[in-house]
S.K.: 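Got a structure for you, questions after.
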Amino acid sequence: AQSVTQLDSQVPVFEEAPVELRCNYSSSVSVYLFWYVQYPNQGLQLLLKYLSGSTLVKGINGFEAEFNKSQTSFHLRKPSVHISDTAEYFCAVSDQEYGNKLVFGAGTILRVKS
Amino acid sequence: AAGVIQSPRHLIKEKRETATLKCYPIPRHDTVYWYQQGPGQDPQFLISFYEKMQSDKGSIPDRFSAQQFSDYHSELNMSSLELGDSALYFCASSEAKPSYNEQFFGPGTRLTVL
């Protein structure tokens, strides 16, 4: 079965500082990787996805992530965060072998301070 | 662009009552997924449907059942509700193609069991 580990439950950071949210997944022949953002009392919004090809993936709101197969990681980065980036971020993995369902990590709460 | 519609958005029930949650996928999407997100937890896959047939099943209690109708909308029926069923229930839809397709999430139905 697929699994995802988000190494930090909370990440506090000052506005305009860079941030990295870490994600590791269990290995499989082929995986699809995603980052979702959830603002308080709202649904899940896709930030970016890795299906194949270039290992550096750019998403919305200035976020990017790098797929590292040897380290089974898919860390999310942003060079300069804003107060509005305060939210919970979920890393998720999917595999056609397991029916395309998404398996989510426990989430990382990003708190941006002024 | 049309999004996934879920109704109702909020639902309050008593223990041992029943609840029905509805999901209307994006037009031309033939696959529907249901996820449950408990308070402070990550979303957990419940069940999915492709072309009106159950395609995958996760950690869905026997008290819950679901189906997908001819117009591709889906309903999640929950009986003998328990306090622990209080959660945010997400529906997601996608197109079924040989390669992975992105799941688009609805805003969720917040179920509170008293």
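Hydrogens, waters and symmetry mates are skipped; everything else that's a heavy atom, side chains included, is used.
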S.K.: Going by heavy atoms in the side chains, are B:S94 and A:N100 under 4.5 Å from each other?
M.R.: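 No, every pair of side-chain atoms sits at 4.5 Å or beyond.
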
S.K.: Only one of B:Y33, B:F45, B:Y35 passes side chain to side chain contact (heavy atoms under 4.5 Å, CB included) with A:L102; say which it is.
M.R.: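 Of B:Y33, B:F45, B:Y35, side chain to side chain contact (heavy atoms under 4.5 Å, CB included) with A:L102 is met by B:Y35 alone.
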
S.K.: Side chain from CB out, backbone as N, CA, C, O: work out which of these in B:Q44 comes under 4.5 Å of a heavy atom of chain A, or both, or neither.
M.R.: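 Contact with chain A involves no heavy atom of B:Q44 at all.
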
S.K.: Say whether A:Y25 and A:Y89 are linked into one hydrophobic cluster, either directly or through other cluster members, by side-chain heavy-atom distances under 4.5 angstrom.
M.R.: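 Yes: a chain of side-chain contacts under 4.5 Å links A:Y25 to A:Y89.
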
S.K.: Check each atom of A:Q6 against the heavy atoms of chain B and say whether the ones under 4.5 Å are side chain, backbone, both or neither.
M.R.: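 Neither part.
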
S.K.: Would one find more than 12 heavy atoms of other residues, nucleotides or ligands at under 6.0 Å from atom NZ of B:K52?
M.R.: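 Enclosed: over 12 neighbouring heavy atoms sit under 6.0 Å from NZ of B:K52.
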
S.K.: To check you understand the geometry: which heavy-atom pair defines the closest contact between B:F90 and A:G43, and what is its length?
M.R.: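 Heavy atoms of B:F90 and A:G43 come nearest at CE2-CA, 3.5 Å.
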
S.K.: According to a hydrophobic-cluster definition based on side-chain heavy atoms being under 4.5 Å apart (Ile, Leu, Val, Met, Phe, Trp, Tyr only), do A:F74 and A:V19 belong together?
M.R.: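 Looking at the clustering, A:V19 is in the same group as A:F74.
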
S.K.: For atom NZ of A:K58, decide whether the heavy atoms of other residues, nucleotides or ligands shown that lie under 6.0 angstrom number more than 12.
M.R.: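 Incorrect, the count does not exceed 12.
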
S.K.: Counting heavy atoms not belonging to B:D62, are there more than 12 under 6.0 Å from its CG?
M.R.: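 Atom CG in B:D62 is not packed in, count stays at 12 or less.
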
S.K.: Can you list the residues of residues 104-111 of chain B that sit under 4.5 Å from chain A, counting heavy atoms only?
M.R.: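 Near chain A, by residue number: B:F105, B:G106, B:P107, B:R110.
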
S.K.: Following the transitive rule for hydrophobic clusters with a side-chain heavy-atom cut-off under 4.5 Å over Ile, Leu, Val, Met, Phe, Trp and Tyr, establish whether A:L47 and A:Y39 coincide in one cluster.
M.R.: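 Looking at the clustering, A:Y39 is in the same group as A:L47.
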
S.K.: Would you say A:I60 ends up clustered with A:V37 if hydrophobic residues are merged whenever their side chains have heavy atoms under 4.5 Å apart, either directly or through other cluster members?
M.R.: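 Both belong to a single hydrophobic cluster.
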
S.K.: Which atom pair, heavy atoms only, marks the closest approach of A:G105 to B:D42?
M.R.: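 Shortest heavy-atom separation between A:G105 and B:D42 comes out as O-CB, 2.8 Å.
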
S.K.: At a heavy-atom separation under 4.5 Å, does A:F90 approach chain B through its side chain, its backbone, both, or neither?
M.R.: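 Contact with chain B: side chain only.
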
S.K.: Please classify the contact of A:L46 with chain B as side chain, backbone, both or neither, using a heavy-atom distance under 4.5 Å.
M.R.: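 For A:L46, the side chain is the part near chain B, not the backbone.
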
S.K.: How long is the span from the CD atom in B:Q103 to the OH atom in A:Y36, to the nearest 0.5 Å?
M.R.: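 B:Q103 atom CD to A:Y36 atom OH measures 5.5 Å (nearest 0.5 Å).
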
S.K.: Are A:L110 and A:I83 joined in one hydrophobic group, where the rule is that I, L, V, M, F, W and Y side chains link up if heavy atoms are under 4.5 Å apart?
M.R.: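 Looking at the clustering, A:I83 is in the same group as A:L110.
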
